[in-house]
Amino acid sequence: MKYTPNPSSVVDEMLQTIGCSSLDDLFADIHEELKVKDRLNLSSGMGEMEVRNQLKYLAGCNIDTENYPCFLGAGAYDHYIPAALEQLLLRSEFYTAYTPYQPEISQGILQSIFEYQTMICKLTGLDVSNASMYDGGSSLAEACSLACANSKNKNKVVISDTVHPEYLDILKAYALSGHMEIVVVPGQDGHSDIDAMVKAIDNETACAVIQQPNFYGILEDPTAVEKAIHENKGMFIMSVEPLSLALLKSPAEWGADIAVGEGQSLGINLSFGGPYLGFMAANKALMRKIPGRIVGQTTDLDGKRAFVLTLQAREQHIRREKAASNICSNQALCALASSMYLSLVGDQGLKDIATRCHHLALYARQEFEKAGMELKYKQPVFNEFALKVNNPVNANRILLENGIIGGYELDDALLLAFTEKRTRAEIDQLVAVLGGIK
Amino acid sequence: MPKLIFEKHVNNSNPFTLPTCDIPLPELSETIPAQFLRNESIALPELSEVEAVRHFTELSTRAYGVDSGFYPLGSCTMKYNPKINEWAARLPGFAGLHPYQSEDTVQGALQLYYEMQEMLAEIVGMDAFSLQPAAGAHGEMTGIMMIKAYHQYRKDYKRTKIMVPDSAHGTNPATANVIGYEVIEIKSNERGLVDLEDLRTKMNDEVAGLMLTNPNTLGLFEEDIQEIAAIVHDGGGLLYYDGANLNGILGVARPGDMGFDVVHVNLHKTFSTPHGGGGPGSGPVGVKSTLIDFLPKPVVVKKGDTYGFNYNLPLSIGKVKNFYGNFGVIIKAYTYIKSLGAEGLKEAGQHAVLNANYLRHQLRDDFNIPIDRLCKHEFVLNSKKQSDYGVTTLDIAKRLIDYGYHPPTIYFPLIINEAMMIEPTETESKERLDEFVDVMKAIARESAQETEKVLNAPQNAVIKRVDEVTAARKPIVKWEAP
Amino acid sequence: MNIPENLLYTDEHEWISVDGDTGRIGITDYAQHHLGDIVFVELPEVGESFAMRDAVGVIESVKAVVSLYTPASGTILEVNEELEDSPELLNEAPYDSWIAAIKLGDKNDLNKLMNAEAYAAFCQNLED
């Protein structure tokens, strides 16, 4: 298969026009010894049917959540995606477009981003959202980096280890810059050690970070951390699950300066971990500081409402070696998917979905306890909790034999997540299988 | 003027319904303590499904993609996005995989990852690859982190600088700064290439490496690349290859053979995955054996007939992204490479260069081309000839919109005044290119004879030019209920 | 190009007017012209101290972002808060729109600056 439309006769004609005798002439500026001898060591091309079979074969080697009930969460969730969303995302004016640098020809994309920004502001309660970022973990690292860059004498990040472990790994990698000192405060009994975090915060602390719900699914009360970090003129950053915000206190209500999170729950396929959607919202004071692109509303020469990329002066293509972030893209199509999702389920629908996830988790907790099993932690949860099992790897293997994708393996427990796709029957079976092995 | 979705809200019009479920449904106030519960309303819009569908369909008609027409955006490689790739990424056996499923349940996905690592390594001449970075700039960041980790591991702490040519993309200096390096700018010579003398003068034992795009942002191949590599390596630095312009040498030459130590490739440019209106992309990073130990974790390995993750990389820089990368994008690029094969990739590179040189040749009479010689996949012209009539590059770009084209990249690279950077890609036919040439010639003519038409463009778009100054002075970045 | 006689200038296109121990700093006509439409000014905090040529603020236009470097060392006495809402004043009247007032730390700093004549020549040189 190839996608080069010019047949060799046309190629020859074009070569003649420009005064070349062969395609090789076009590479006369590359030393012969640098050229690939003969051809790359790759297989030959395939026709579309052959490629299709190869991909179908590979996809068929996997066990997927479409066909197996899935209780895995830990930062990626098996939610339902409305049929209308999948159809709309196939509009190729959206997916084959580039970044909307030319506003006159990109109003549709720009407006969709403006709507997305508004929805993220509504969910988080904050004043300004960027046009999205790579994913939850890198958004958190960018937020911490922003907090450190924003103040001259502060470079310490105080973060609870009940944050997603991969987010912590990413933050540590970003700290290779030397611009951030990461202080990880160990949690206790599944939640943040608030006292220890407060103690760790001092006047060199640029920000304090709490995840809500935390990695173990537990609800955190960050009130004291928020107070301590603000007393020290640092920023309070929350990493939040967007769907949970239909029920739970918003970052703004908790007093957060910046909210970040993983938007995959909002209509984005699991897709083995990506592409997902990092979101970032902040209070007004940070409007000109937050990384990534932002769409603003303005008017055209006729006074008509129009949208345009704005506040770009901070971006790398202008600030170059002074830029505080190198991000020059967003996850536009994923952001679009999330605003389609929120529009298709609506305000009440989002609450209903979040409530259903919560109820299913509570039902499972109750049934596990009835079956004589023990929860690892007892605190209030949203839709995820850890269940004690002797051998998590073995438990997952047996679940799989029973046609169930089990939970995330902790040392002595399975972290189980519940979405609106799960049914009572599936949960009853989960309880029966795990109850049988304990 | 289309309404915003919030302006289409109708109370109780949303039909969304959950399946029935006979479990206890306690009040939230009984199950979540009050201090955790939300008090403020969210106030998302409520619409019927058909109105929501029409809303987004209308937005799509106000956007322009590669499927809409010619998109000669320099440096962005807006090639056709094959539809089979989209089909593949949406297979339930891929789209429905949770990232934490056990390895034995995702063997097909891991095989795809593994083969992709191997194929990319062959295409750019590297020893190993990580598919984790989510975009080109993210790949750059990962690469520069590895360079830093390498020098630190060798206890070579005095290397605090990174060299970047003045023609580089803004992401290069920004990345170096973000990773904590001081940026040293290297001059271009009159041929548009790295000035070797300047490079020699600035290379010393405080320099960690050089970031280079080759072909560079003028579309020119850095002919002295072996000497450049020798200068940097002899000084103890490493060479970073920005893969933004890989399409210009695809299948013909490999960065690894030129002496580069670390490379990022843009799957959304060279390997045909769609740009999505700004993302998601994917920016895998490849390294020579010297840097393998520093790759982000995990990497996918083959053990006998099975595939698995290797997390046991004690010197790894850690992670730059959750999970393993933008798998959905990687599937599309894999499908593309399998479709084209070795010969097809080379032909893509050759035709990309042919198309660029053809356009350059056909436009040289009407437009000034500051460096008018053999180019690779793109070239830069400017509006010098039109400036006599008060016409700028921006005006020409806007006039192209009236003719139904997406304008080329403008005002980049910075070292060319009033630059317009044109990259046709290999997926355009001669007929398309000829049409574009005719339109550009018409705009050149209009610039001289009907100047107002060009200065007031676009007239045929859904809006006129926008007031960017007010947008930035008094930012409105979200909708507020009236 | 307007270059008032009574001011001193830096090669980064800042001006300073001196009255006793107090200096007022701003950007020149040349600077505003090359920046284009200025959209935002980030001001220093009153009471902050700076060495000569330290960055004390940031000026953003649609196409550029530049730091504002203080022409002389000292402590910020006052900032022109009007610029926060009306950054366009820097385009409209660059010499009337001072950005910050500074208590001069070391008057010798002023000897290192250009007078109007020298600055005019400096700008002319840049244009050629």
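We name chains A, B, ... by the order of the sequence lines, and we start the count at 1 in each one.
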Would B:F412 and B:H169 count as a ring-ring contact (aromatic ring centres under 6.0 Å, His included) here? Give the steps. CA-CA 8 Å; B:F412 187 82; B:H169 295 109; 5.4 Å; yes
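Aromatic ring centres of B:F94 and A:F272: separated by at least 6.0 Å. Between B:F323 and B:Y100, the gap from one ring centroid to the other is short of 6.0 Å.
In this structure, chain B has heavy atoms under 4.5 Å from both the backbone and the side chain of A:H359. Both the backbone and the side chain of A:V11 come within less than 4.5 Å of a heavy atom of chain B. Residue A:T4 touches chain B through both its backbone and its side chain, counting heavy-atom pairs closer than 4.5 Å. Contacts between B:N12 and chain A at a heavy-atom distance below 4.5 Å are absent for every atom of the residue. Proximity to chain B (any heavy atom under 4.5 Å) is shown, for A:Y98, by both the backbone and the side chain. The parts of A:L123 that come within reach of chain B are both its backbone and its side chain, each placing non-hydrogen atoms under 4.5 angstrom from that chain. Heavy-atom distances place both the backbone and the side chain of A:Y3 under 4.5 Å from chain B. At a 4.5 Å heavy-atom cutoff, the contact between A:E253 and chain B is made by side-chain atoms alone. Looking at A:K35, both its backbone and its side chain come within 4.5 Å of chain B, counting heavy atoms on both sides. Interface residue A:I405: only side-chain heavy atoms are found under 4.5 Å from chain B. Looking at A:R91, only its side chain comes within 4.5 Å of chain B, counting heavy atoms on both sides. Interface residue B:L345: only side-chain heavy atoms are found under 4.5 Å from chain A. Looking at B:P458, the atoms closer than 4.5 Å to chain A (heavy atoms on both sides) all sit in the side chain, from C-beta outward. Heavy atoms of A:I353 lying under 4.5 Å from chain B belong to its backbone as well as its side chain. With a threshold of 4.5 angstrom between heavy atoms, A:Y57 approaches chain B through side-chain atoms but not through N, CA, C or O. At a 4.5 Å heavy-atom cutoff, the contact between A:S339 and chain B is made by backbone and side-chain atoms alike. Heavy atoms closer than 4.5 Å to chain B are found in both the backbone and the side chain of A:N41. Residue B:L28 touches chain A through its side chain alone, counting heavy-atom pairs closer than 4.5 Å. Heavy atoms of B:K148 lying under 4.5 Å from chain A belong exclusively to its side chain.
Chain B forms more heavy-atom pairs under 4.5 Å with one residue of A:T299, A:V128, A:N396, A:V10 than with any other, namely A:T299. Ranked by heavy-atom pairs shorter than 4.5 Å toward chain B, the options A:S138, A:A252, A:S250 are led by A:S250. Taking B:A88, B:S429, B:A461 one by one and counting their heavy-atom pairs under 4.5 Å with chain A, the maximum is reached by B:S429. With chain A as the partner, the residue from B:E428, B:Q226, B:E426, B:Q111 showing the most heavy-atom pairs under 4.5 Å is B:Q226. Of the residues considered (A:K56, A:Q348, A:Q366, A:E48), A:E48 shows the highest number of contacts with chain B, using heavy-atom pairs under 4.5 Å. Looking only at heavy-atom pairs under 4.5 Å with chain A, the residue among B:N81, B:V320, B:V183 that has the most is B:V320. No other option in B:L112, B:L340, B:I317, B:L91 has as many heavy-atom pairs under 4.5 Å with chain A as B:L340. Top candidate by heavy-atom pairs under 4.5 Å with chain A, chosen from B:E468, B:R90, B:E185, is B:R90. Heavy-atom pairs under 4.5 Å with chain A were tallied for B:A253, B:P296, B:A348; the largest tally goes to B:A253. With chain B as partner, the option from A:S129, A:A74, A:G178, A:G60 having the largest number of non-hydrogen pairs under 4.5 angstrom is A:A74. Residue with the most contacts toward chain B among A:I109, A:V345, A:D302: A:V345 (heavy-atom pairs, distance under 4.5 Å). Listed options A:G137, A:C121, A:G75, A:A173 were ranked by heavy-atom pairs under 4.5 angstrom with chain B; first place goes to A:A173.
Every residue was checked against the salt bridge (Lys or Arg N to Asp or Glu O under 4.0 Å) condition with A:K122, not counting sequence neighbours, and none meets it. Remark: A:E104 pairs with B:K398 by the salt bridge (Lys or Arg N to Asp or Glu O under 4.0 Å) rule, at least two apart or across chains.
Electrostatic pairing of A:K249 and B:E40 does not count as a salt bridge here, judged by no charged N lying under 4.0 Å from a carboxylate O. Using a cut-off of 4.0 Å between Lys/Arg side-chain N and Asp/Glu carboxylate O, B:E58 and B:R62 are scored as not salt-bridged. Between B:R465 and A:D300, no side-chain nitrogen of the basic residue sits less than 4.0 Å from a carboxylate oxygen of the acidic one, so the salt-bridge criterion is not met.
Under the 3.5 Å distance criterion, with hydrogens and angles disregarded, a donor-acceptor pair is assigned to the side chains of B:Q101 and B:T105. With 3.5 Å as the limit, one finds a donor-acceptor pair spanning the side chains of A:S92 and B:D67.
A:K2 NZ: 12 or fewer foreign heavy atoms inside a 6.0 Å radius. Applying the 6.0 Å contact sphere to CD of A:Q87 captures no more than 12 heavy atoms from other residues, nucleotides or ligands.
From A:N62, atom CG reaches atom NE2 of B:H98 across 14.5 Å, with rounding to the nearest 0.5 Å.
Formation of a donor-acceptor pair under 3.5 Å by the A:T118 side chain with backbone atoms of B:W479 is found in this model. With A:D221 contributing its side chain and A:T223 its backbone, the two residues share a donor-acceptor pair below 3.5 Å. Using a distance-only test at 3.5 Å, with no hydrogens or angles considered, no donor-acceptor pair links the side chain of B:E49 to the main chain of A:L344. With hydrogens and angles ignored, the 3.5 Å screen pairs no side-chain donor or acceptor of B:H406 with any backbone N or O of B:G65.
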